[in-house]
Amino acid sequence: MKWLSVIRSRLSWKLFFSYLVVILVGVAVLFGTAQFHTTSALTRHIAIMHALLSDDPVLGAQLDDTFHDAVNEILIVSTVAALLAAILVSIFTARRIVEPIRAMMRASIHIADGDYHERVQVPGQDELGGLAQSFNRMADTLERTEQRRMELIGDVAHELRTPLSSIKGVLEGLVDDVLPAEPATFLSMEREVARLQRLVQDLGELSRAEAGQVLLEIRVSCPADLIHAAANRLRPQFDDKGVSLDLGVPPDLPQVKADANRITQVLLNLLGNALQYTPAGGQVTIHAWRDSDNVAIAVQDTGIGLSSENLAHVFERFYRVDKSRSRAGGGSGIGLTISKHWVEAHGGSIWAESRGPGKGSTFTFKLMIGA
Ligand code: ADP
């Protein structure tokens, strides 16, 4: 039946008919009870009237009938009035319930079509209000994700442009015989290719970290061992540059819950940065200490330092204070972003401090103590 399928496909009709059923049941009960109860109430009333009208049987029967009719008339009129009022109210309330749902439906169609600005009005504090709030939150997240995606594509294109144009320049120089085909020329090209390779590698790592795709292998680990291993790996480079590397790690440092590989990566990134941004003759120190339920690890350097404005941005993707300096050191500008992801994936936190340019910087992160 067509009308039945129309009713089934519309929430407003369904709500309206459910109200109507409730009203009709109410009316039937009202009618039944009135009919059932009227006889005994009337009998009592008529007995009193009979007594007052000195037992005239004709008058008594007439009184009986008119009273019955009057009760029925009152019941019918009030039932029709109540029915009309109830129908009007149910149409109004059904609309009020259905309208926000319709608005969400329209907004979700726009979002599905790629328009992420769409939001709905929150109709109140009830479940529908909660649904509208969740809907708006979902739209916010989608919009931010899309924005990040667009920014990432723009940033990556920008990052690829410099090494690619310098490789292209060298190749054109070779073709035109402006540059000599000697090892130095090929070495400069090889450096740019290595930079591209590092960028691609870091981007892969970053996207995996951002998508939460990498499962951490959390084990109870000894932070002192991780610090010593990372320091030993980079010590030759510190010696080559003439920057001293000291450790201030107490022997009774508690164990932490950590994925040893990821935390080693964080330590190598912080140490590598400290080495890169500290001139020869400078000093880098790794401190570690217990801080209530955590172990804090700080990499402190006497290098170029950071202004308060730079401090607010260093963990952002592709942020570099001095682009040419970072590039010269092979930096992709996403090392700290990846480190932040790893530390936060451990439930920890990471931050940077500096007393200003030229006054060194300290990068500290905290990990939870393991059982
Ligand atoms: P990069 O690969 O460029 O080093 P990072 O994400 O590791 O990228 O660091 C981002 C930026 O933060 C760097 O380009 C640099 O400007 C700044 N930075 C990081 N570590 C230090 C430090 N120890 N001292 C001064 N500046 C730093």
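Atoms within each ligand, like the ligands themselves, are counted from 1 in listed order.
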Q: For Asn269, counting its heavy atoms only, list the atoms of ligand 1 lying under 4.0 Å from any of them.
A: 7 (O)
Q: Give yes if a backbone or side-chain nitrogen or oxygen of Gln276 is under 3.5 Å from a nitrogen or oxygen of ligand 1, and no if not.
A: no
(Q) One residue to check: Tyr319. Relative to ligand 1, which of side chain, backbone, both or neither has a non-hydrogen atom less than 4.0 Å away? (A) backbone
Q. Could Asp140 and Arg144 be called an ion pair, given the rule that one side-chain N must be under 4.0 Å from one carboxylate O?
A. no
Q: Would you mind running through ligand 1 and noting each atom that sits below 4.0 Å from a heavy atom of Val314?
A: 10 (C), 12 (O), 17 (C)
Q.
Under 3.5 Å, is there a donor on one side chain and an acceptor on the other for Gln300 and Glu353?
A. no
(Q) Looking at Glu344 and Arg262, is there a salt bridge between them, counting it only when a charged N and a carboxylate O are closer than 4.0 Å? (A) no
Q | Any N or O of Asn273 closer than 3.5 Å to N or O of ligand 1 | A | yes
Q: Answer yes or no: is there an ion pair linking Arg219 with Asp259, defined by an N-O contact shorter than 4.0 Å?
A: no
Q. When you check the gap from the basic side-chain N to the acidic O, do Arg195 and Glu190 get nearer than 4.0 Å?
A. no
Q) Of the choices Ser361, Ala352, Gly333, which has the non-hydrogen atom that lies closest to atom 8 (O) of ligand 1? A) Gly333
Q.
Considering both backbone and side-chain atoms of Leu306, is one of its nitrogen or oxygen atoms within less than 3.5 Å of a nitrogen or oxygen in ligand 1?
A. no
Q.
Considering both backbone and side-chain atoms of Phe363, is one of its nitrogen or oxygen atoms within less than 3.5 Å of a nitrogen or oxygen in ligand 1?
A. no
(Q) If we count only N and O atoms by modelled type, under 3.5 Å, do the side chains of Gln283 and Asp246 hold a donor and an acceptor together? (A) yes
Q) If you measure from atom 5 (P) of ligand 1 to every heavy atom of Leu336, Thr302, Ile338, which option wins on shortest distance? A) Leu336
Q. Is any NZ, NE, NH1 or NH2 atom of the basic residue among Arg317 and Glu159 found under 4.0 Å from an Asp or Glu carboxylate oxygen of the other?
A. no
Q: Have a look at ligand 1 and work out which part of Thr278, if any, has a heavy atom under 4.0 Å from it: side chain, backbone, both or neither.
A: neither
